[in-house]
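Keep in mind that this is a model prediction, so the values were computed, not measured. Count residues from 1 along the sequence. Hydrogens, waters and symmetry mates play no part in the numbers below; they use all other heavy atoms, side chains included.
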Amino acid sequence: MPDDASDIARACYQAYVDKDRAALEALIAEDFRFSSPLDNRLDRETYFERCWPNSERIRACTFKHLIPIGETVFVTYEGEGIGGKGFRNTEILTIRGGKIVEVEVYFGWSLPHPAPDGGFVEPNELAE
C-alpha cells in the first residue's frame, strides 16, 4: 500500500479506473468524510453506496495538477467516461496515517467545454 500522499491520491483514482473497490477501501479511513456540491460530509458507508457506482462509467483519468502540501493533496483531473464524454474536477484530499480521511470535490466542467475558446455561455444555456 502506498504511503506517500501523492501516491495515495493516485492510487485512489486508479482504483476507480480499474473498478477495484478493495483497493479503494484499503485507502479510505474509517472516519472518512466526503463533500461535493451535492454531498455534505458523507460518511464512509454512504460514500461507497453513493459514489462507488460511478466507477462503472469511468474509463480513464488524467492528472492535470497533483500538488501535495503536508497532509493535503490538491488534484485537478480530467476523466473520460465509457461513452467518451469527458469531465474535469478539482478535489482536495486530506491524508493522515496513510489513509484518506476527507475529500472535497469541486465539479462542473464538461469536456469539451460548452463555451467557445475565449467565450462563455449563459447559465440557462447549460440546462438546455
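Atom OH in Y16 sits 5.5 Å away from atom SG in C51 (nearest 0.5 Å). A distance of 11.0 Å separates CG in D18 from SG in C61, rounded to the nearest 0.5 Å. Here the CG-NZ distance, from L24 to K19, works out to 12.5 Å after rounding to the nearest 0.5 Å. For the atom pair K99 NZ and I8 CD1, the distance stands at 9.0 Å (nearest 0.5 Å). Residue F32 holds its CZ atom at 13.5 Å from CD of E45, rounded to the nearest 0.5 Å.
Using a 4.5 Å heavy-atom threshold, the side chains of F48 and I28 count as touching. Counting heavy atoms from C-beta outward, P37 and F107 have side chains that approach closer than 4.5 Å. For the pair F120 and P114, the minimum side-chain heavy-atom distance is 4.5 Å or more. Looking at T94 and I100, their side chains never come closer than 4.5 Å, going by heavy atoms from C-beta outward. Side-chain contact between S35 and L42 is absent, with no heavy atoms from C-beta onward closer than 4.5 Å.
Within the structure, the side-chain hydrogen bond (donor to acceptor under 3.5 Å, both in side chains) test picks out the following pairs touching residues 63-72 (sequence neighbours left out): E71-R96.
Of the possible polar contacts, one joining the S36 side chain to the D39 backbone as a donor-acceptor pair under 3.5 Å is found. Panel note: side chain R44, backbone E25; a donor-acceptor pair is recorded below 3.5 Å.
In terms of hydrophobic clustering, with Ile, Leu, Val, Met, Phe, Trp and Tyr side chains grouped at heavy-atom distances under 4.5 Å, I69 and I95 are assigned to different clusters. The same ILVMFWY cluster, assembled from side-chain heavy atoms under 4.5 Å apart, contains both F63 and F87. No continuous path of hydrophobic side-chain contacts links V121 to L111 [ILVMFWY only; heavy atoms under 4.5 Å]. Clustering ILVMFWY residues whenever any of their side-chain heavy atoms sit less than 4.5 angstrom apart, transitively, puts V17 in the very cluster that holds L93.
Remark: R33 pairs with no residue by the salt bridge (charged side-chain N to carboxylate O under 4.0 Å, His left out) rule, at least two apart or across chains.
Aromatic ring centres of Y47 and W52 lie farther apart than the 6.0 Å criterion allows.
Salt-bridge formation is detected for the pair R41/E102: a Lys NZ or Arg NE/NH1/NH2 atom is positioned less than 4.0 Å from an Asp or Glu carboxylate oxygen.
In terms of heavy-atom proximity, C12 sits nearest to L27 at N-CD1, 3.5 Å. For the residue pair P68 and S6, the shortest heavy atom distance occurs at CG-OG, 3.2 Å.
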**Report entry** Test side-chain contact (heavy atoms from CB on, under 4.5 Å) applied to V101 and D31, step by step
**Finding:** CA-CA 6 Å; V101 296; D31 60 346; 4.0 Å; yes
Query raised in the report: Please walk me through it: do Y13 and I58 pass side-chain contact (heavy atoms from CB on, under 4.5 Å)?
Result: CA-CA 10 Å; Y13 297 96; I58 297 173; over 6 Å; no
Please set out all donor-acceptor pairs under 3.5 angstrom arising from side-chain atoms of residues 73-85, sequence neighbours excluded.
residue : atom : partner : partner atom : Å
T76     : OG1  : T90     : OG1          : 2.9
Y77     : OH   : N89     : ND2          : 2.9
Y77     : OH   : E91     : OE2          : 2.7
E78     : OE2  : R88     : NH1          : 3.1
E80     : OE2  : R59     : NE           : 3.0
E80     : OE2  : R59     : NH2          : 2.4

